[in-house]
Amino acid sequence: MISKYIFGHPFDTEAVVEAVEIKSGCPETGTFDFSDGFCFTCPLEKEDRVYGLGGANRGINKRGYVYESDCSDNPNHHEDVRSLYAAHNFILLTGSRLVGLFFDYPSFMRFDIGYTRQDMLQVTCKEANLNLYVIEGDSPLDIIRQFRHSIGRSYIPPKFAFGFGQSRWGYKTREDFRTVVKKHREHHVPLDMVYMDIDYMQDYMDFTVNEENFPDFAGFVQEMKDEGVRMIPIIDAGVKIKEGYSVYEEGVEKGYFCQKEDGELFSAAVWPGYTHFPDVLNKEARAWFGDHYRFLVDQGIEGFWNDMNEPSIFYSEEGMKEAMELVAQIEEKGQENVPFFQMMGKLQSLSNSHEDYARFYHNVDGAMIRHDKVHNLFGYNMTRAAGEAFARMVPGKRFLLFSRSSYIGMHRYGGIWTGDNKSWWSHILLNLKMLPSLNMCGFLYVGADLGGFGCDTTRDLVLRWLALGVFTPLMRNHSALGTREQEFYQFEDPQDFAHVIGVRYRLIPYLYTAYMKAALTDDMMFKPLAFVYPEDEMAVRIEDQLMLGDECMIAPVYTQNADGRVVYLPERMMFVKFLPDGSLYTEIMEKGLHYVEVALNEVPLFIRENCCIPLADAAETVETLDTKHLSTVGFDGASFTVYDDDGFGMEYEDPGHYTTIK
Ligand code: MIG
C-alpha cells in the first residue's frame, strides 16, 4: 500500500506516474519537525537495516553514514564523499519495522542514517515543499515492487546493448576507432559497441561531427556496422556559445536556454568554453533539444550517452570575475603577502559551485524556477529529452541511452553509468554495492567504467573487474585521457580477455531474460542476499556478494594478488567456473563458508539449488549469437524459460513479438 503525503507546495518532478492515495497529516513512521525547513526523524533499533539511495556511495546497507542528494560532478569517489552524480531519494527500512519511503524533493537533501546518532535516522531539507510516499508491504521486495510500479516501467535497451563496449576518452579519428575494432576482431574478442567521447565533435559542439576526422560520417558509421559494431557518441549538456552555430543561434532566438534573474543568458564554461544550458525543464525547450539528436540518428547512430548533466560547471562568468578580482587585489599587495589558502580556496570553489546553481532559472510552464531548487532534475530531463525525441523520430524502436546524472523518473528513459571511478580495487566492490540500490530505484540498465576511469590500471584489475562486468547490463571498458591505456590489447595474453568477455556472450540469453523479467514485473535483477534469505543472520550482512536473477549468486574477486576468495553460501549451490578452454568446472557445495579458487582468466558463478540457467555458444556480436541452440548448467531436473525477441521492438508483452524456449 502506498500513501502520499503532501507538504507545502512541492515541485512536480514527475517521478511517480501512477495514481497514489493522498493522505493528510503526517505518517506514523516517524516524527516531523517544520521549525527549520523539513526534518523527518525516526529511531533505528539495533537490528534495523536501511537500503536504497540508488547511486549513493558506500554500502548496500546504508546505515552508519550520511548521504546527500546533490548531483555533483566529482571524479573522486572517496569513502567520505556524500554525494555523487545521482539523487535517488528512496530508502527502505527493515528489521524492527518494514517500510519504504520516497522523499520526492528535487533539491539538496540530507540522509543521516545513524551517523550523528547510531540509533537515529534523519532526513532533512531546506524547504518543507515535498511529496513523501510511504510504502507498506509484506517484504522488502514487495515494497520495492509497489514503489517501482508507481514510478513506471524501467527503460529497456535494444539487445545489442547487452554486448561488450570499448571506450576511451582520447579516440579522435576514424583510424583510432578502426584500430579498436580491428584488434577485437583479430583476436576474437567480442565487441558490439565503440563509444565516441567528446573528441568526435567539432570544438565540442553538441550535434556536430569533426569533418576533417570524419569526412563521411554516415559512411563510417555504416562501415563499423558492417563489422558488427555500433558507434555510440557522447552528448554534453552545455551548448557552445558561437556565432553561426545553429544549435546556439536557435536556442537564443527561441529562448530555450537558462536565463539569469535579469533575463540575460547564463554562461557556464565547460569543455567547449562558454556554453548555455538548454532549459530541459521547459517542455518546448526539451523537445527542441531532443530533436537535435536526429542529426546523428539520421547518420545511422542508434545509441547515446549523456554527460556533464549535473550540470557540471568548470566556472561561470560571474565566478571567474570574482576570482580575477581577488587575484588582482592579492597582486597589489605583492609577493610577500599572498593569502595562499584564500586564493586557492577561491579558485577551487569555482567548479560546480552552489552559488552558480543559484544564478540561473528554468521556465516551467511560465514560472521562473531558480535552478538550485530543482538542481537534481537536470540530468533526468536532459535524458528525457532524448528518450522522448527517439519515440517521436522512430516510434516503436529501442535506442541505447544512458546518462551520468539522474533522479528517479529518469529510469523510464534510459540507464546510467556510475561516472568517473578509478582503477582501484575498492571500486570493483563499490560497483557491486551500487547495483541492488540502483535496481530498487528503477535503474536496471547500469554499469561502471570497467578497469577504472581515472588512474593507471593494471592487467589483473581489468580482468577481475570484467569478471564482474560480465553480469552487469552495461558492460563497458572506459578510461580517462592521460591514464594508462586499458584496451585488452595493451596487455599480455589477449586470449584471457577474449575468454572472459566471451563468457558474457554465453550468458546473454540468461541475462536478457533476467533483465526483461525485472523490467516487466518491477523486480530487481540484482538483490542483496538479505532480501532472499532474510532469516539467515550471516546472509543479511553480506556486502560483497549479490543475488542475480532468481537462479544465481555472484561473488567476484576484488582484491589484488588473490587466487580466490571466501564466499558464503546461504544454501546448497552449484559453484560454476567458466574455464579458459571453454569448458565448465562445476561442484556442488553445501551451505556455509567456503574458499573458492578463481584464476584471473576464470569467471565464477553460483547457481541456486534446483535451478539451472541457459548458455549459448560464445559469439563475437549479439547479432550472431545462436539463441536457438542452448545448453544448460545447473541442477538436474531444473528448467528455465528463455525470453527472446528481435531486440528492437517494444511490444515486450505481445506473444507475437517474443518467443520463449523452455
Ligand atoms: O570532464 O568527456 O564522466 O566518462 O570520458 C570530464 C570526457 C568529462 C566525464 C565523463 C567521462 C568522459 C569525460 N567526461
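We count ligands from 1, going down the list as the structure has it; atoms in each ligand are counted the same way.
Judged purely by distance below 3.5 Å, without hydrogens or angles, the side chains of N477 and Q486 pair a donor atom with an acceptor atom.
Between K321 and E318 there is no salt bridge, since no side-chain nitrogen of the basic residue lies less than 4.0 Å from a carboxylate oxygen of the acidic one. A salt bridge links E388 to R384: one of the charged nitrogens lies within less than 4.0 Å of a carboxylate oxygen.
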Identify all pairs of nitrogen or oxygen atoms, one from ligand 1 and one from the protein, separated by less than 3.5 Å, and list them with distances.
| residue | atom | partner | partner atom | Å |
| --- | --- | --- | --- | --- |
| ligand 1 | 1 (O) | W271 | NE1 | 3.0 |
| ligand 1 | 2 (O) | D197 | OD1 | 2.5 |
| ligand 1 | 3 (O) | R404 | NH1 | 2.9 |
| ligand 1 | 3 (O) | D420 | OD1 | 2.5 |
| ligand 1 | 4 (O) | H478 | NE2 | 2.9 |
| ligand 1 | 5 (O) | D197 | OD2 | 2.5 |
| ligand 1 | 5 (O) | H478 | NE2 | 2.9 |
| ligand 1 | 14 (N) | D307 | OD2 | 2.8 |

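Around NZ of K172, the count of heavy atoms belonging to other residues, nucleotides or ligands within 6.0 Å does not exceed 12.
For residues 397-408, the set of pairs meeting the salt bridge (charged side-chain N to carboxylate O under 4.0 Å, His left out) definition, not counting sequence neighbours, comprises D73-R404, E302-K397, D307-R404, E310-R404, R398-D645, R404-D420.
Remark: the backbone N or O of I60 is paired with a side-chain donor or acceptor of E543 at under 3.5 angstrom.
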